[in-house]
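Heavy-atom basis, side chains included; hydrogens, waters and symmetry copies ignored. Convention: sequence-line order gives letters A, B, ...; per-chain numbering from 1.
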Amino acid sequence: MSELRRPIESGVPDSTQFMHPTLVKNYGQWAWHDRPRPGVLRHVAESGETMYTIKAGTQRQMDVYTIRKLADIADEFCDGYVRFTIRSAVEFMTPVEANVQPLIDRLEAEGFPVGGTGNSVGFISHTQGWLHCDIPGTDASGVVKALMDQLVDEFKHEEMPNRVKITTSCCQINCGGQGDIAINVQHTKPPVINHELVAGVCERPAVIARCPVAAIRPALVNGKPSLEVDEKKCVCCGACYPPCPPMQINDPVNSKIAIWVGGKHSSTRSKPMFHKLVAAGIPNNAPRWPEAAEIVRNILGAYKADARAWERMGEWIERIGWPRFFELTGLPFTKYHVDNWRGGRANLNTSAHLHF
Amino acid sequence: MSELRRPIESGVPDSTQFMHPTLVKNYGQWAWHDRPRPGVLRHVAESGETMYTIKAGTQRQMDVYTIRKLADIADEFCDGYVRFTIRSAVEFMTPVEANVQPLIDRLEAEGFPVGGTGNSVGFISHTQGWLHCDIPGTDASGVVKALMDQLVDEFKHEEMPNRVKITTSCCQINCGGQGDIAINVQHTKPPVINHELVAGVCERPAVIARCPVAAIRPALVNGKPSLEVDEKKCVCCGACYPPCPPMQINDPVNSKIAIWVGGKHSSTRSKPMFHKLVAAGIPNNAPRWPEAAEIVRNILGAYKADARAWERMGEWIERIGWPRFFELTGLPFTKYHVDNWRGGRANLNTSAHLHF
Amino acid sequence: MSKKMPETPLLDQLESGPWPSFVTGLKRLATDEGKPYADYMKSLLGQLELSYETRKGYWKGGTVGVFGYGAGVIPRFSEVADKHPESSEFHTLRIMPAPGFFYDTKTLRDLCDIWAEHGSGLIALHGQSGDIMMQGCRTEQVQQAWDKINAMGFDMGGAGAGVRTAASCIGPARCEQACFDTLKAHRTVINDFTDDIHRPSLPYKMKFKFSGCANDCANATQRADVAVIGTWRDDMQVNQDEVKAKVAQLGRKEFINQVIRMCPSQALALNDDDSLDIDNKSCVRCMHCINVCTKALKPGKDRGIAILVGGKRTLKIGDLMGSVLVPFMKMDSDEDYERLLELAHNMLDFFAENALEHERTGEMIERIGVVNYLEGIGLELDVNMIAQPRTNSYVRTDGWDEEARKWNDRKTNAAE
Amino acid sequence: MSKKMPETPLLDQLESGPWPSFVTGLKRLATDEGKPYADYMKSLLGQLELSYETRKGYWKGGTVGVFGYGAGVIPRFSEVADKHPESSEFHTLRIMPAPGFFYDTKTLRDLCDIWAEHGSGLIALHGQSGDIMMQGCRTEQVQQAWDKINAMGFDMGGAGAGVRTAASCIGPARCEQACFDTLKAHRTVINDFTDDIHRPSLPYKMKFKFSGCANDCANATQRADVAVIGTWRDDMQVNQDEVKAKVAQLGRKEFINQVIRMCPSQALALNDDDSLDIDNKSCVRCMHCINVCTKALKPGKDRGIAILVGGKRTLKIGDLMGSVLVPFMKMDSDEDYERLLELAHNMLDFFAENALEHERTGEMIERIGVVNYLEGIGLELDVNMIAQPRTNSYVRTDGWDEEARKWNDRKTNAAE
Ligand code: SRM
Ligand code: SRM
Ligand code: SRM
Ligand code: SRM
Ligand code: SF4
Ligand code: SF4
Ligand code: SF4
Ligand code: SF4
Ligand code: SF4
Ligand code: SF4
Ligand code: SF4
Ligand code: SF4
């Protein structure tokens, strides 16, 4: 019986077996790279050998047909090897320069946009959403698709000041991580407690412990042990919901979208940055989220027009200043932008540095 | 009876009456300035008129003879006007270039070092200490005198990368403020409570409220209401001492000197900075504090040798990195340097920016 | 007698437009009549359409696993199984790919075949932590699917309060900036923690990520409890002729703007002959100038890693970034990799013993203080750990002399 | 029959060396036989020598004042009056000088004469807050001394929980960088708060400081509850010929290093013809390039002030810097100065009503939140107030639309 088969606890496999021989041969011996055109990298090894990488977008959530199609292409042009990037783009590598254009043509023909290299808008980092997660306030695949449809030209061209890393997260937990632009769910009302369920499913001390502002108290409701939320304190973070599904935070109207900018993981030039809230109260308008997409395009447009070469979104804004960011994008500045969480003072302007 | 005379609540007098006519005439019309030599400023007005300022050091705590001597000099060279700077240096101003050298000679002859302009070490900001304050852990006038004796050449010459603002504070309250270098008292043991006195003089709730770490509790000692200190919690800040003198924090041995660097008030280039702890445990060695002076000279020497033009102390260290600062000065780096106060995380290196 | 395709007017709007459509993929599966997943996916589409209509999710968790392991399957049971019964169970198997996400096409096809047989036919390459997510599996199929995947040489990824699937940048396999072997480090560490991945019993999750340089293509600093990042200690390598070529290409003013002016530590100056004056002592190894001048500049030769600890996302106290705990370790020999592994174990053990429930490493450090954490895992203080020393006087320093002596002794020993 | 000079072997060691010695000054007074202060200062020297010997201070506070005022005298009673009886009382009168610390010599001499008659002969020019500190006075002499000083046209400074003596940089009197009249602003504000200076009844102290530009020679940002700092809104003034002269003087490389590379906002570029390319939109008005090129660059012509609030030193939560509350106000007409005064009153009133005991403005804002403070004093939000927007999602935003509308209305109104 397969039920009794002990797993082979093999961990991760050795990558070498899956690497193109040119990579194996020049492992650790790469000398420099450039980008002959958007979507294409050329890495040259100390040995003089060259590897071309053609990068294309995918939908990440792939049906087996899509994956098999990618495999077909890899067989035809890349000696049967392919890889995916950390952002779920697909990379085809070939040492044969003559393969590059046909490969691009083929990918485009099959509906995989070629791009995402250098100073382009990369593929949006993707989370689970309504398709799979148990706590989402919105979908992820849909948001990503709707946005990438609008940003595909920016994916295919390298016309941004620097790389643009966009992320989405379908709840405030933020599995999508920090981004130059992040499109995240932001709840705007305290959870509505389903008291019927609390008694049954919730470990009350655990959920009380999760609340960052101690807004949850044990309570007797209709004679049964339940919970209550201090609505004055609650910051609508949704942290109580995963451990206690009766704390219903998701709401078709009050779970909104917020947009954040200027997150940065790299330590390149500036230190890594967290993304900063710029717009909230945006309707969770499935299936194409036009209001959110509009703001994203607006921000990207301002960045593209105004930032300097190599400035990431957050660095650009630091240079031009937040006043100018709000001016250029026309986004309203509100009291919600002013940090009032622990240590929020660090986000005040404690200097005479001013932007006019 | 004078006791019944109502004060004339006149506030601050109009400065114009005390200003040299050349200043009054060119008020708000200055065009540019330079420094013909250390200790001398030349300000040129739009009108073409020129004002020379000759700056000299004082002891701040001046006897009437010293002040009268300064007045004599001002009468002789400056038409009877003189001013003091925000750091208690004295400034003699004259529109007559021919007065400059004789004035310098006279000041030097009378024992007032001329300098403190531009990229020199300015006069040390001064607090009260044993001469007048009710809570000092050390003297201020003595520390300042002992240090300035050693730094007088740096006061008279402009050989530092930028201005150096040194401060002293005779207790942790820090009336001397932030400095490129700050020489401050740092207590190293919790207060020893004089229980006899507590009952008599101390408002217990007030002192309990002052403690930043809630280390003070009401207690009954020998049957009388007193206080006790949780020595595990106490951070030896001395904040309980001013409201409650029986909380004896000052100690001839355990009240030490600490040295801080990189404070900066200006918003010039970098935003204003707080000074950072670099050395502690230094004996409070009156009357000349040789150990503290030695460390100050060491730090100044490293800064002078290594920093670039216009870099303030803190900016220099930010560029070269703290590892190199400790290397160049040979000062030990300890766990006490690592911030563990509220928000201390902000002082960790949250990046891959490294200095080797 | 196959199930009818549900009406999906909302989802259908996600089929137009130039970007590859997941809806088209789902429909392709749903309409692949005769395949075990066809009705399954019709039902799934129905539920998803409902979510789009009502703007609510309908999955809940539960307990599903494979024999021998305590984690790796993300169980999903539908709350609307009455309306969409076939997809009432839609679990995900998290499978760890080879470091660097490399595949040959046979492997990809084999995975597809397994998933066409036992699952929904829907695979995500990859999850944000780096797993192959085989999405959509009925409880009864989970073990069989797993057995086949496992037999292929793949193992299950992390979930729950254990060590999680790691991620690494492509590193030396194709990147000239890699200062250590990210793929080897990834494999060395993760394959020694399989027990903690598969039988989670930590206070909360623990993630490792490996980036070959400060560009941090693996997002390690902010998204891993333990971020391993390549760096170098000696001077960067310069080819002044290529520098001059770059100056010529960009023009002087623009070269100054893009390179000199953007260096975060003002370590670069342009000589009057258009060669570069590099102050390697000030350089913070940020990679910027190297990125701009890929032919002219390179990391130095004395390479290794820095380790940053404590990164995580939002829950409980707000996002935390990792912070430097180890500024440099050589990563040349196998022994070096073993030392990294040993350190990783120390970190895990300390975390296991000292973290509160549902507390990440970063939060634990925030609570106990980084100095105590260092002592706990047996690491020494280093100045690179801090952005700056304390700015407040709220500290009891009566052990100063003793601590100063320790430092001085270390320095003397190091010098000997 | 005068008192014997005490032995001061420790203090004597502070008489040598090139810097002016306060000990020599004290001895000069102590040995000025026949003067009322001679024995007083002998006794003081004895007590001070004791402090140097034992490394302890021997003063305690008490209550001493002048008729009509509740503060301004710092009372000092000796704890070692048994050994040093003449100096058992050694109070200080804090007297506010003219803004900018200007004197004519007659005034200085008159002050000296008063202090020779009624005090110790020891005067500090000036205290860290900016007072003339007439140091060392017996209780019985305080009122007489004060009457004479007051008659000269001087008033008492602050102490205790009230408005404190202010400080201002020399500003337009001699500095080409001054963007407003620091001396006028100082006088306008302070002279309207005399009641709060002289009869302190606030929760704690409140300080104003005035600096004419971002160089902040008055240390306002960090040492004042309300810091008024000059700045400008339009483009800075440039003389390109002087720029070229400066480039020639320093050399190109060094000019780039000292000016271009050091601009905090990368607002400067050097054109190939050695003229300066200034991006005034990025410039943060930091003054650096202007400081370096005093002849070539100047602040713009549309000048005014920014107001930073909340600076203070260490007590209770660690040092606080002021932060921007008002990014720009014109400061040309008398009405402008009146508006500043009105705002200062609002700040004081709000502080008086809302701060806890012994809480400074900065701590109060920290506790109640800057947005509430703004509302309290009737100021509008401005983006320059923040270094960056919030980085955490812990906020209830259900009033978003309303707040957005407010902002948009303001912008529309401003545009009209
Ligand atoms: C393939 C990939 C690594 C992998 O193992 O999968 C990768 C590959 C390269 N990155 Fe990256 N980066 C990859 C994700 C990242 C990420 C993480 C992410 O995207 O989620 C980051 C950090 C993002 C952030 O800071 O938020 C990242 C920050 C960089 C940077 C620093 C950019 C900056 O200025 O901040 C560079 C340097 C550069 O641009 O020259 C870089 C440079 C590179 C180079 C040029 C390195 C090299 O010499 O080969 C590679 C070519 C990139 C290209 O397509 O132009 N890569 N790179 C990842 C591609 C993701 C994608 O599909 O777009
Ligand atoms: C006279 C004085 C103002 C007063 O009203 O008393 C003053 C006067 C000038 N300052 Fe200042 N500063 C004076 C205290 C300060 C202070 C506060 C202090 O010393 O406690 C600071 C802030 C200190 C800090 O950041 O911690 C200060 C930061 C500056 C700066 C910015 C320096 C920097 O790079 O950070 C400049 C700009 C410069 O150096 O060109 C400056 C420039 C100047 C100029 C050049 C302004 C001008 O164009 O006339 C003046 C000549 C200074 C000289 O002696 O070289 N002044 N200056 C103060 C002299 C104090 C002294 O005796 O040395
Ligand atoms: C699947 C995935 C998103 C995706 O579509 O790619 C995901 C999905 C979930 N994450 Fe995540 N996280 C995923 C990567 C991340 C990342 C990114 C990373 O690893 O680089 C983060 C941010 C980094 C971090 O670890 O902090 C992340 C931070 C969280 C957190 C917040 C942890 C925190 O300390 O703040 C939670 C909440 C929790 O664990 O209680 C969470 C919880 C969850 C749960 C288990 C929700 C829950 O509590 O029930 C989600 C299950 C969804 C599902 O049905 O599959 N997920 N999660 C990613 C894992 C796939 C994989 O194995 O490759
Ligand atoms: C005299 C003076 C030092 C000097 O020698 O120059 C001084 C002396 C004292 N300060 Fe101060 N402070 C003096 C300027 C400052 C400054 C600097 C400034 O104003 O720019 C500061 C830092 C800025 C600030 O306000 O935070 C300062 C921050 C303090 C504090 C801490 C306040 C805080 O909120 O952290 C205290 C403690 C208190 O008020 O409870 C304090 C308290 C004291 C007391 C009253 C000690 C006490 O509680 O008994 C000292 C009286 C000494 C005496 O016998 O004369 N002093 N004090 C300065 C006032 C002279 C003058 O009026 O010109
Ligand atoms: S962001 Fe939230 S809803 Fe989305 S996958 Fe992560 S945990 Fe689930
Ligand atoms: S939503 Fe967040 S703040 Fe509100 S009760 Fe739940 S855990 Fe607490
Ligand atoms: S620093 Fe402390 S001891 Fe010195 S004058 Fe200020 S309050 Fe008094
Ligand atoms: S010294 Fe400071 S920490 Fe210690 S008891 Fe007194 S107030 Fe509290
Ligand atoms: S992190 Fe560095 S080494 Fe790794 S892929 Fe990115 S650039 Fe290359
Ligand atoms: S790597 Fe970064 S810090 Fe080092 S010289 Fe280049 S740009 Fe400057
Ligand atoms: S703050 Fe500015 S205006 Fe005032 S003296 Fe200093 S440089 Fe001049
Ligand atoms: S004033 Fe400061 S910010 Fe503005 S251009 Fe000059 S150096 Fe740059």
Mind running salt bridge (Lys or Arg N to Asp or Glu O under 4.0 Å) on D/Asp216 and B/Lys264 for me, showing each step along the way?
CA-CA 10 Å; D/Asp216 199 358; B/Lys264 170 174 175 287; over 6 Å; no
Kindly indicate, with the supporting measurements, whether the criterion side-chain hydrogen bond (donor to acceptor under 3.5 Å, both in side chains) is fulfilled by B/Asp75 and D/Thr105.
CA-CA 7 Å; B/Asp75 281 340; D/Thr105 49; 2.5 Å; yes
Are D/Ile123 and B/Ile67 close enough, and set up right, to give a side-chain contact (heavy atoms from CB on, under 4.5 Å), and what steps lead you there?
CA-CA 8 Å; D/Ile123 302 176; B/Ile67 297 175; 3.7 Å; yes
Verdict with supporting geometry, D/Ser21 and B/Gln59, side-chain contact (heavy atoms from CB on, under 4.5 Å)
CA-CA 6 Å; D/Ser21 169; B/Gln59 64 272 56; over 6 Å; no
As a quick check of understanding, evaluate side-chain contact (heavy atoms from CB on, under 4.5 Å) for D/Arg261 and B/Arg308, giving each step before the final call.
CA-CA 12 Å; D/Arg261 200 167 66 170; B/Arg308 295 181 184 154; 2.8 Å; yes
Working for side-chain contact (heavy atoms from CB on, under 4.5 Å), residues D/Ser16 and B/Arg288
CA-CA 11 Å; D/Ser16 56; B/Arg288 295 205 69 104; 3.8 Å; yes
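Contacts of B/Pro245 with chain D are absent, with no heavy-atom separation under 4.5 Å from either backbone or side chain. No part of B/Thr167 comes within reach of chain D, as not one of its non-hydrogen atoms sits under 4.5 angstrom from that chain. Of the atoms belonging to B/Asp79, not a single heavy atom falls under 4.5 Å from chain D. Proximity to chain D (any heavy atom under 4.5 Å) is shown, for B/Gln61, by both the backbone and the side chain. For B/Lys271, the part sitting under 4.5 Å from any heavy atom of chain D is the side chain, from C-beta outward, and nothing else. Using a 4.5 Å cut-off between heavy atoms, B/Thr58 contacts chain D through its backbone alone, with no side-chain atom that close. Proximity to chain D is limited to the side chain of B/Gln128, based on heavy atoms less than 4.5 angstrom apart. Only the backbone of B/Cys175 has a heavy atom closer than 4.5 Å to any heavy atom of chain D. Contact of B/Trp341 with chain D is made through the side chain alone, with heavy-atom distances under 4.5 Å. With a 4.5 angstrom heavy-atom cutoff, B/Glu46 touches chain D only via side-chain atoms. In this structure, chain D has heavy atoms under 4.5 Å from both the backbone and the side chain of B/His126. Of the two parts of B/Arg210, the backbone and the side chain both hold a non-hydrogen atom closer than 4.5 Å to a non-hydrogen atom of chain D. Both the backbone and the side chain of D/Asn291 come within contact range of chain B, judged by heavy atoms closer than 4.5 Å. B/Leu41 touches chain D through its side chain: at least one heavy atom from C-beta onward sits under 4.5 Å away, while N, CA, C and O do not.
At least one donor-acceptor pair under 3.5 Å links the side chain of D/Arg187 to the backbone N or O of B/Val12. Formation of a donor-acceptor pair under 3.5 Å by the D/Thr194 side chain with backbone atoms of B/Gly11 is not found in this model. Checked by atom type and distance alone, the side chain of D/Asp155 pairs as donor or acceptor with a backbone atom of B/Ser10 at under 3.5 Å.
Rounding to the nearest 0.5 Å gives a distance of 10.0 Å between OG of D/Ser211 and NE2 of B/His265. Here the OG atom belonging to B/Ser15 is positioned 6.5 Å from the CZ atom belonging to D/Phe102, to the nearest 0.5 angstrom. Taken from CE in D/Met262 to CH2 in B/Trp310, the straight-line distance is 9.5 Å, to the nearest 0.5 Å.
Taking 4.5 Å as the limit, some side-chain heavy atom of B/Ile173 sits within range of a side-chain heavy atom of D/Leu315. A heavy-atom distance below 4.5 Å is found between the side chains of D/Arg174 and B/Leu23. Residues B/Val64 and D/Leu29 are in side-chain contact: their nearest non-hydrogen atoms beyond the backbone lie under 4.5 Å apart. In this structure, the side chains of D/Leu183 and B/Met19 come closer than 4.5 Å at one or more pairs of heavy atoms. Between D/Lys60 and B/Ile135 the shortest side-chain heavy-atom distance does not fall below 4.5 Å. By the 4.5 Å heavy-atom criterion applied to side chains, B/Trp130 and D/Arg55 are counted as neighbours. Within the 4.5 Å cutoff, no side-chain heavy atoms of D/Pro172 are placed close to those of B/Trp30. For the pair D/Leu26 and B/Asp63, the minimum side-chain heavy-atom distance is 4.5 Å or more.
For the residue pair B/Thr66 and D/Arg28, a side-chain donor N or O sits within less than 3.5 Å of a side-chain acceptor on the partner. When only modelled atom types and interatomic distance are considered, B/Glu9 and D/His198 share a side-chain donor-acceptor pair under 3.5 Å. Side chains of B/Thr268 and D/Asn215: a donor-acceptor N/O pair is present below 3.5 angstrom, by distance only. Between the side chains of B/Arg5 and D/Asn150, at least one donor-acceptor pair of N or O atoms lies under 3.5 Å. B/Gln17 and D/Asp104 share no side-chain donor-acceptor pair at under 3.5 Å. Between the side chains of D/Glu176 and B/Trp32, no donor-acceptor pair of N or O atoms lies under 3.5 Å. No donor-acceptor contact under 3.5 angstrom links the side chains of D/Gln135 and B/His132, judged on distance only.
Note: D/Lys298 leads D/Glu357, D/Met156, D/Lys298 in heavy-atom pairs under 4.5 Å with chain B. Highest contact tally toward chain B, considering only D/Gln177, D/His91, D/His186, D/Gln258, is held by D/Gln258 [criterion: heavy-atom pairs under 4.5 Å]. Each of D/Gly130, D/Gly318, D/Gly311, D/Ala173 has some count of heavy-atom pairs under 4.5 Å with chain B, and the biggest count is that of D/Ala173. Chain D forms the most heavy-atom pairs under 4.5 Å with one residue out of B/Ala309, B/Ala74, B/Gly137, B/Pro136, and that residue is B/Ala309. Across D/Thr221, D/Val23, D/Ile290, D/Asp32, the residue that shares the most heavy-atom pairs under 4.5 angstrom with chain B is D/Asp32. Annotation: maximal heavy-atom pairing with chain B below 4.5 Å, among D/Met96, D/Lys295, D/Lys316, occurs at D/Lys295. Taking chain D as the reference chain and counting heavy-atom pairs below 4.5 Å, the highest number among B/Asp139, B/Val24, B/Leu147 is found for B/Asp139. Heavy-atom pairs under 4.5 Å with chain D were tallied for B/Pro113, B/Gly111, B/Ala146, B/Ala45; the largest tally goes to B/Pro113. Chain D forms more heavy-atom pairs under 4.5 Å with one residue of B/Arg342, B/His20, B/Met51 than with any other, namely B/Arg342. For the options D/Ala178, D/Gly127, D/Ala387, D/Ser51, heavy-atom pairs under 4.5 Å to chain B are most numerous at D/Ser51.
The nearest pair of heavy atoms linking D/Asp181 to B/Tyr27 is OD1-OH, 2.6 Å.
For the pair B/Arg83 and D/Phe101, the cation does not sit on the ring face, since its NZ or CZ is not both under 6.0 Å from the ring centre and inside 45° of the axis.
Taking the six-membered ring for Trp, B/Phe123 and D/Trp19 have ring centres closer than 6.0 Å.
Between D/Lys184 and B/Asp14, no side-chain nitrogen of the basic residue sits less than 4.0 Å from a carboxylate oxygen of the acidic one, so the salt-bridge criterion is not met.
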